[in-house]
> 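Mind having a look at this structure? Questions to follow.
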Amino acid sequence: MNAYQQAALRTAAPKEKKNELFHLLLGLVGETGEIAEKAKKIVRDRDSDFTRWDVADLTAELGDVLWYLAVIADHFDVPFDDVAQRNIAKLADRQQRAVLGGSGDNR
């Protein structure tokens, strides 16, 4: 994950650029919204048959989301490996305590 983050940073604007964090956050929301929009059209036009999703297109959009996540993490000096490892540890803990379902950050 850290190697990906370093590669992503080669195409990112400098952290010091005015409004760069805001730009990154809007980009993340926009790319995530593109995935949601395409999912909506599958629900609307294809009777929720997600086997008909263009996987190559989905893969490209997921890559865009990944890029924004990596660059945002770097903006706060967070290694991307840490993001991934903490998330897996959190989910494993929730699974062990049988609280994967439900809502709330502190379950």
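Predicted model, so just to flag it, every value in this text is computed and none were measured. Note: hydrogens, waters and symmetry copies are ignored here, and every other heavy atom, side chains too, is used.
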> About how many Å separate CZ of Arg86 and CG of Leu91, when rounded to the nearest 0.5 Å?
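It comes to 14.0 Å.
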> I'd like to know if Leu62 and Val29 are part of one continuous hydrophobic network [Ile/Leu/Val/Met/Phe/Trp/Tyr, side-chain heavy atoms within less than 4.5 Å].
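No, because Val29 and Leu62 fall into different hydrophobic clusters, even though each may have its own neighbours under 4.5 Å.
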> Tyr68 and Leu24: which non-hydrogen atoms are nearest, and at how many Å?
CD2-O, 3.4 Å
> Nearest 0.5 Å, what's the CG-CG distance between Leu100 and Asp93?
9.5 Å
> Determine whether Leu21 and Val71 fall in the same hydrophobic cluster, where Ile, Leu, Val, Met, Phe, Trp and Tyr are linked whenever their side-chain heavy atoms lie under 4.5 Å apart.
yes
> Any link between Phe22 and Val65 through a network of hydrophobic side chains (Ile, Leu, Val, Met, Phe, Trp, Tyr) touching at under 4.5 Å?
no
> Is there a path of hydrophobic side-chain contacts, each under 4.5 Å between heavy atoms of I/L/V/M/F/W/Y residues, joining Leu66 to Ile88?
no
> With side chain to side chain contact (heavy atoms under 4.5 Å, CB included) as the test, would you mind laying out the steps for Lys38 and Asp57 before giving the verdict?
CA-CA 10 Å; Lys38 291 173 184 189; Asp57 182 57; 2.6 Å; yes
> Grouping I, L, V, M, F, W and Y whenever their side-chain heavy atoms are under 4.5 Å apart, do Leu28 and Leu26 come out in a common cluster?
no
> Which atoms form the tightest heavy-atom contact between Trp53 and Ala39, and what is the distance?
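It is CH2-CB, 3.8 Å.
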> State, with a plain yes or no, whether a side-chain heavy atom of Trp67 is found less than 4.5 Å away from one of Asp64.
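Trp67 vs Asp64: side chains apart.
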> For Phe50, I'd like to know if atom CZ has over 12 heavy atoms of other residues, nucleotides or ligands within 6.0 Å.
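Yes, CZ of Phe50 has more than 12 neighbouring heavy atoms, counting only those of other groups under 6.0 Å.
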> Could you report the tightest heavy-atom contact between Asp49 and Ile42, atom names first, then the distance?
O-CG2, 3.6 Å
> When rounded to the nearest 0.5 angstrom, what distance separates NZ in Lys90 from CD in Gln95?
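The distance works out to 13.5 Å.
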> Run the numbers on Lys15 and Asp74 for salt bridge (charged side-chain N to carboxylate O under 4.0 Å, His left out), then give the verdict.
CA-CA 9 Å; Lys15 290 180 187 180; Asp74 178 74; 3.8 Å; yes
> Looking only at heavy atoms, which two atoms of Gly63 and Tyr4 are closest? And how far apart?
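Smallest interatomic distance, heavy atoms only, reads O-OH, 3.7 Å.
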> Is it the case that more than 12 heavy atoms not belonging to Arg94 sit under 6.0 Å from its CZ atom?
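It does: Arg94 CZ has more than 12 such atoms within range.
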> Can you name the nearest heavy-atom pair linking Leu58 to Ile35, along with the distance?
CD1-CG2, 4.2 Å
> Look only at the side chain of Arg46 and the backbone of Arg52, and say whether a donor-acceptor pair between them is shorter than 3.5 Å.
yes
> Locate the shortest heavy-atom distance separating Gln5 from Ala73; write the atom from each residue and the value.
NE2-CB, 3.7 Å
